[in-house]
Structures are given as structure tokens and as C-alpha cells.
Amino acid sequence: MADIAIAPARRTAPLPGAVDRRIEKSAPLTRFVLRLPEESITAAGAALGLDFTAPINRAVTAGYRMALRLGPDEWLVLAPAADAAIPGALGAGLADRLFSLVDVSHRQTGIRLAGPHAGAMINALCPLDLGSAAFPVGMATRTIFAKADIVLWRTGIAEFHLEIWRSFAPYVVSLLHEIGREYPD
Amino acid sequence: MLVISCPYCGDRPEIEFSYGGEAHVVRAPASVTDEEWTAFLYQRSNARGSYAERWRHAHGCGRFFNARRNTVTDFFEQTYKIGEAPA
Ligand SMILES: [Zn+2]
């Protein structure tokens, strides 16, 4: 009977090497899913100071605000948690135009993964081509990591930002720790 | 892994996509008989060979699109946006 009692506890124990300085939580962010029809793109860009005409699967930044174009008419807008001006600015700038803005700040959590093996660590469980030609700095897309849907953004040649739905974050982070054991930094 | 070309995102791995059944199935009007309605709901051509299908880039841009795939070889002959005519 002792074995039965121990087995579940073993599955939830911290992984060896669970302190990995290449994997860290991002600073608190405010997050919005913004949907824009073609004719609202310019006005939305002027309202937030972001270039929404950038191609799909690209990230643009302006000051401390960031917009990741995840679909032809869909953006993930990120900003520091203290930035409370986005809904008001869009509402004023797009008063007579269509748009949809959903606050998803607490749906997701941000992870920063850095180091010379960062791409290889993601590729352990994500089949995207992360070579710098196919996935250059500034590229951002929804994709799949193991069984979790993530947003992957290349913020530097050896640095990625991951947006993960909160309930999937322990799953993704513990897998990254496990993979990290194969890649000493 | 099979690579599928999303009309919006380009070549992406198969596991990012989900299947959406036969494409270009025209909705039957409300005036049809029960038999015709059943056929619209459930009967598909299920072609052996070139087959028009809907796919969704579920773990990507999230968009539905159409594809023509050979059901014998699994080769994707083309993909095109909803509303566009196949080449
Ligand atoms: Zn796509």
C-alpha cells in the first residue's frame, strides 16, 4: 500500500533543476485581443501609436506597447500592467468604426526564455522551423508546444517570449525545465 | 511531418491544423423534404482522389480555408481562402 501512496506524490514533486535562470516570468502585462476590419486598421494605429499594417505573424512595438498580428484581422496587444489607457484611446479613436477589444490580461501568463539553446529547447516540442531565416527576430505566431496552445514571439536572436494560458503554464514551464536539463547553459 | 500551406501564414506543420469536412457543400433551403435535408446534413461525396476540404489553422491564425487534397496520396494540391475559387 505504501507504493500506491507514494506514486501520485512523485508525479507532482518539483523537477530536478527546477531553478533555471533561462526561464523566467515576464513582468506583469495588460493584454487585449483586438479584432479590426480592414477599414479600421489605420484609425486604430493612430489611436494606439502602433503600426497595425505590419504583415501577419509579425510583432510591432512602439514605446512600451506591443502588438502581435496573430491572424489577418486579429492582434494581441500587450503593454505594462500600469497602462490603463488602451480601451479609452481606442474607443475615442474608433468612435464611428467597428472593432472588438477583449481584455485577456488574466487569461495568460508571459514567459521569457533566453540563451543560446532557446530555439532548440522550444523545438524539442514544437515543430515550427525556428531558423533565423524562417523565424526571424520580430516574428510572432500562435503555435503548439507539446499539447498546449501558445503564442511564440522571437524578441531576440536567442530570446523568446511565450504567452501561455494560465492553466497550461505549469505544464509548459515544467516541460521547459525538463528539456533544459539536456542543454546546459 | 506533413506540411500544409495556410493561405495566410504559409507552410506550417500539420498538427497546427484541424479538419473541417468537405468544402463547397451548399446549404439546403428550408423548403426541402426530410430526405433532401438528411442528404445535405450527412451525405458527402467522400471522393477517392482529389477532394475539396475545409481546414482550419486552429493553432495559428485561427482561420478556416479550403484545400484540395488527394485522399489516396495525402498530397495537398492547393489551398485557397474561403470565398475564392479553386485554381
Ligand atoms: Zn494560418
Side-chain angles (χ1 to χ4, degrees), chain A residues 33-38 41 52-59 67-76 100 102 104 107-108 119 122-131 133-136 138-154 162-165 168 171-172 175, chain B residues 1-27 44 46-87:
Chain A
V33 172
L34 174 63
R35 304 290 298 267
L36 296 170
E38 189 76 36
I41 285 179
F52 290 113
T53 61
I56 188 171
N57 295 332
R58 295 287 157 164
L68 283 54
R69 190 168 191 173
L70 302 181
D73 61 354
E74 179 187 353
W75 289 261
L76 177 66
S100 150
V102 179
V104 294
R107 182 182 74 177
Q108 290 164 207
I122 292 165
N123 266 157
L125 288 168
C126 171
L128 274 185
D129 182 352
L130 296 182
F135 206 92
M139 191 142 179
T141 181
R142 221 180 342 244
T143 184
I144 198 158
F145 181 84
K147 296 191 176 183
D149 188 285
I150 63 164
V151 170
L152 181 65
W153 173 17
R154 182 169 224 152
L162 281 69
E163 283 286 317
I164 309 160
W165 285 33
F168 287 94
Y171 169 77
V172 170
L175 282 170
Chain B
M1 186 176 290
L2 195 63
V3 169
I4 299 176
S5 184
C6 169
Y8 299 99
C9 305
D11 290 348
R12 301 286 289 249
E14 172 194 6
I15 58 166
E16 289 184 350
F17 295 84
S18 59
Y19 183 64
E22 184 170 13
H24 308 304
V25 176
V26 179
R27 186 183 172 86
R44 296 293 178 261
N46 199 23
R48 178 182 164 84
S50 186
Y51 193 45
E53 299 171 328
R54 294 183 306 170
W55 283 80
R56 180 171 174 250
H57 194 186
H59 300 292
C61 63
R63 272 351 80 149
F64 271 97
F65 61 92
N66 291 326
R68 192 161 269 285
R69 181 178 65 96
N70 188 306
T71 57
V72 178
T73 61
D74 215 11
F75 178 73
F76 276 78
E77 293 156 6
Q78 59 170 316
T79 56
Y80 49 101
K81 293 176 183 173
I82 297 283
E84 287 180 353

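Bear in mind the structure is a predicted one, so any value in this text is a computation, not a measurement. Here is how names work: the chains are called A, B, and so on, in the same order as the sequence lines, proteins then strands, and each is numbered from 1.
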*Quick one: which of Gly62(B), Ala58(B), Cys9(B) has the most heavy-atom pairs under 4.5 Å with chain A, could you say?*
Cys9(B)
*Quick one: are Ile56(A) and Arg63(B) in side-chain contact, heavy atoms under 4.5 Å?*
no
_Does Arg44(B), at its CZ atom, have more than 12 non-hydrogen atoms belonging to other residues, nucleotides or ligands within less than 6.0 Å?_
yes
_So which atom in Cys61(B) and which in Gly71(A) form the shortest heavy-atom distance, rounded to 0.1 Å?_
CB-CA, 3.9 Å
*Would a 4.5 Å heavy-atom cut-off, applied to side chains only, mark Pro127(A) and Ile15(B) as touching?*
yes
*Quick one: CG on Asp73(A) to OH on Tyr8(B), what's the gap to the nearest 0.5 Å?*
8.5 Å
*For Asp149(A), is it the side chain, the backbone, both or neither that has a heavy atom under 4.5 Å from a heavy atom of chain B?*
both
*Mind checking the CZ-OG1 spacing from Arg12(B) to Thr143(A)? Nearest 0.5 Å is all I need.*
5.5 Å
*Measure Leu70(A) against the heavy atoms of chain B and call it side chain, backbone, both or neither at under 4.5 Å.*
backbone
*Phe76(B) CZ: over 12 foreign heavy atoms closer than 6.0 Å*: yes
